[in-house]
Amino acid sequence: MILHGGEPLLAGPARLRRVCEELGSALDGVAELDLRIHTNGVQLGPRYLDLFDEFGVKVGISLDGDRVANDRHRRYADGRTSHPQVLKAVDLLRQERYRHLNLGLLCTVDVRNDPVAVFDALAELEPPLVDFLLPHATWDDPPLRPDRAATPYADWLLAVFDRWQERGRPIPVRFFSSILSSLTGGPSLTESLGLAPTDLVVVETDGKLEQVDSLKSAYEGAAATGFDVFTHSFDDVAAHPGVRARQLGLAGVSEECRGCPVVRSCGGGLYTHRYRSANDFDNPSVYCADLAALVRGVEDRTAQALGSPAVSDPAALDAEQRELTRTFLARLNAELAEPAGEPWASAWASLVELEASGAGAAELERVLAHPYTASWVRGTLADLYAGRGVEVSAEVARLSASVAAAALRAGLDAPVPVPFTDGRLHLPTLGTLRAAGPGERGEALLRALPGGCAARSGDAPERRVERFDADGAHWEAVRTVGGGGAPLLALDDLDPYRDCFGTAPAPRLAEDDVQRHARRFAEAWKLLHEAAPSLGAVMARSLAVLTPVLGPPADDAGPAHGALGIDGTGEARDVALGLLRGFRRAALRAREDVVDLYALDGAWEHRSPWRAEKVPFSVLLAETFERTATGLLDPRLMRGVPEALETLESAAELTVDGKQLLLALRKEADGQVATVSAGKSAAR
């Protein structure tokens, strides 16, 4: 609740005390009261601040900058300046005993003031926050534009932004933070910008319930609802058509705004500033040109710094994915530590100990970076958060097996216990151990041997694995394919969490089938390398695992980063297309995991060159991203890509990272078109 103006301190300390007491008493046990007051600061002194300290009332002060700026609008009736009194109030709020009450400063823009002088004066006061407001104006009563300048308010605010940047952003500026947030896919942080719904109701001194008071500058009675506190509730106000109109988000702005690329950042501007008597509020803001220039100016100045390296650098994307898996694993630990009890705690302690060691830490990183570690962690968390529940013993077994695999790879002497079911346990990245007979459950104690391991379960004889890279009496190894120009990849047909391609994974392959997959992979890779050597190099660096699957992977599958499903039954060209398609889908999803490429997906629909119906941005992006790559093998798939790129590049959903991705995609597509044209010319 905000005690607002004109100037609320004119009520005096006694009346303000009564207000605080009444509100606190009425809401006690009903809601937490966040009480605030906004003042010009002229009368603010210790007697008010002691009162506000008693009731926890936060204080914001209006200050338009240095003395010159302040005196343009804030003089006493006799012409005296009020600036010294406001500075005294600000200094009081900076004192240790009142600092917790300080909300910051509110500055109304006047383009006749020096923007740098204004910012420097505000920054010198070290407020916890500064917010800038555009002066209220409408199409019927437009704002001041000296010399008929096209975008004076954008120019003024960008000068402030440049100074803010130059000084290292010494104070938070909400107006700028809101734009930066929206550019990276985040929400608006102020009512003046963005598409967030309004959440304000004004209670006038006579008890009338009204809409936000800035509407009064549009026309007489614009804020009225016809409601009052004596006969109506706040729910009544929330249902008022005027309030509803400001809670529609994108649907609540004008048609012109809905098609504008910067609408997510500006939100059509403050509702009041859209008013024109001919058609009420169904217009862009009277500051439309300024807001567009401001958003684009901020983006031009910050896009490189705001953008994530993970969008264009495969190594950075790999690192982000590894960090994400670690983050999810920590969440899984928080969820399972209590229900799983001592077995989980023991395995987790071993993991922590391993991470603190030298060789053990490096090998643990390799196991955690395995694509199916990510599949396990994400799938388990998804089940937990969806309320489906999980089999705790299976989660303990996987965590223990991951720790054991890392310890064995590092050749550490300390034995590691791993639970097993049906007589088998899988060591991620290595293979599957038959620790006991079929149907048996228990725990195997594993210790490292040179190139292998030994396992003991209960009183049974010790079982030895002489070599991890070859099948043995009690061991099924993760085999490899590739070499001879193709990347050397694990052919993983064992991991229990490899079922992530939207089609069934193949069971353990016979040796003849392994050789068939190896030949088909080599043939497919040769085609890939010839058609797309640069993309092939990226794939070679990013891929770690191939998993045989029974049929083509599904379009909507969410494969783990670094793994591809391979259906080796088709011709080499079909396999190559499948690998390329799967890689691009996984690569886009991996980026979407760690950065916001777009926001408000589904709020707009776009024409797709390949569908009869319109589609959300995410669908068009995925199709275009895939076809730009697969068109290297089949140029027919490039049809429609240039048109799709034009649509994507002008979309309002795009963030700075999304634009960076599209820039790279445009370069790929342009290279494709040039290559195809050259080929046609040569043929003629």
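- The ring-ring contact (aromatic ring centres under 6.0 Å, His included) check on Phe52 picks up nothing, with sequence neighbours excluded.
- Applying the side chain to side chain donor-acceptor pair (under 3.5 Å) test to Arg541 and every residue at least two apart in sequence or in another chain returns nothing.
- Using a 4.0 Å cut-off between charged nitrogen and carboxylate oxygen, Arg167 and Asp120 count as a salt-bridge pair.
- In this structure, Lys667 NZ and Leu662 CG are separated by 12.5 Å, a value rounded to the nearest 0.5 Å.
- Judged by distance alone, the side chain of Arg274 and the main-chain N or O of Gly269 form a donor-acceptor pair under 3.5 Å.
- For the ring-ring contact (aromatic ring centres under 6.0 Å, His included) condition, no pair includes a residue of residues 644-665, sequence neighbours left out.
- When ring centroids are compared, Phe161 and Trp164 come within the 6.0 Å threshold.
- Pairs engaging residues 247-272 under the ring-ring contact (aromatic ring centres under 6.0 Å, His included) rule: Tyr271-Phe281 [sequence neighbours left out].
- Of all heavy-atom pairs spanning Ala223 and Val212, the tightest one is CB-O, 4.0 Å.
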I'd like to know whether Asp593 forms a salt bridge (charged side-chain N to carboxylate O under 4.0 Å, His left out) with Arg591, so could you lay out the CA-CA distance, the side-chain angles of the two residues, the decisive distance to 0.1 Å, and finally the verdict.
CA-CA 5 Å; Asp593 279 344; Arg591 287 166 172 81; over 6 Å; no
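- In this view, His83 satisfies the ring-ring contact (aromatic ring centres under 6.0 Å, His included) rule with no residue, not counting sequence neighbours.
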List the atom pairs, donor and acceptor, that lie under 3.5 Å between side-chain atoms in residues 107-118 and the rest of the protein, sequence neighbours left out.
residue, atom, partner, partner atom, Å
Asp110, OD1, Arg112, N, 3.0
Asp110, OD1, Arg112, NE, 3.0
Asp110, OD2, His73, NE2, 2.7
Asp110, OD2, Arg112, NH2, 2.9
Asn113, OD1, Arg72, NE, 2.8
Asn113, OD1, Arg72, NH2, 3.2
Asp114, OD1, Val116, N, 3.0
Asp114, OD1, Ala117, N, 3.3

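- For residues 215-225, every residue pair satisfying the side chain to side chain donor-acceptor pair (under 3.5 Å) rule, not counting sequence neighbours, is listed here: Glu204-Lys216.
- Annotation: salt bridge (charged side-chain N to carboxylate O under 4.0 Å, His left out) contacts of Glu623 (sequence neighbours excluded): Arg611.
- Legend: residues meeting side chain to side chain contact (heavy atoms under 4.5 Å, CB included) with Ala316, ordered by chain and number and at least two apart, are Pro309, Asp313.
- Pairs of residues two or more places apart, or lying in two chains, that qualify as ring-ring contact (aromatic ring centres under 6.0 Å, His included) and include a residue from residues 599-625 are Tyr598-Phe617.
- At distances below 3.5 Å, at least one donor-acceptor pair connects side-chain atoms of Thr655 with backbone N or O atoms of Asp596.
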Where do Phe132 and Phe175 land on the ring pair (Phe, Tyr, Trp, His ring centres under 6.0 Å) test, with the steps shown first?
CA-CA 6 Å; Phe132 289 100; Phe175 205 83; 7.4 Å; no
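- Between Glu626 and Arg584, no side-chain nitrogen of the basic residue sits less than 4.0 Å from a carboxylate oxygen of the acidic one, so the salt-bridge criterion is not met.
- Asp601 and Ser618 are linked by a side-chain donor-acceptor pair at a separation below 3.5 angstrom, with hydrogens and angles left out of the test.
- A donor-acceptor contact shorter than 3.5 Å is absent between the side chain of Ser542 and the backbone of Gly562.
- For the 3.5 Å distance criterion, the side chains of Asp290 and Thr151 fail to qualify, holding no donor opposite an acceptor.
- To the nearest 0.5 Å, the span separating CZ on Arg378 from CZ on Arg331 amounts to 11.0 Å.
- Annotation: the span from Asp300 atom CG to Arg296 atom CZ amounts to 9.0 Å, rounded to 0.5 Å.
- Looking only at distances, a side-chain donor or acceptor of Arg264 sits under 3.5 Å from a matching main-chain atom of Leu654.
- Judged as a salt bridge (charged side-chain N to carboxylate O under 4.0 Å, His left out), and not counting sequence neighbours, Glu256 has no contacts.
- No side-chain donor-acceptor contact under 3.5 Å links Ser62 to the backbone of Asn40.
- Arg246 places no side-chain N or O within donor-acceptor distance of the main-chain N or O of Pro197, the cut-off being under 3.5 Å.
- A search for side chain to side chain contact (heavy atoms under 4.5 Å, CB included) contacts involving Val243 returns Thr198, Gln211, Val237, His240, Gln247, not counting sequence neighbours.
- Not one N or O on the side chain of Asp657 forms a donor-acceptor pair closer than 3.5 Å with the backbone of Leu597.
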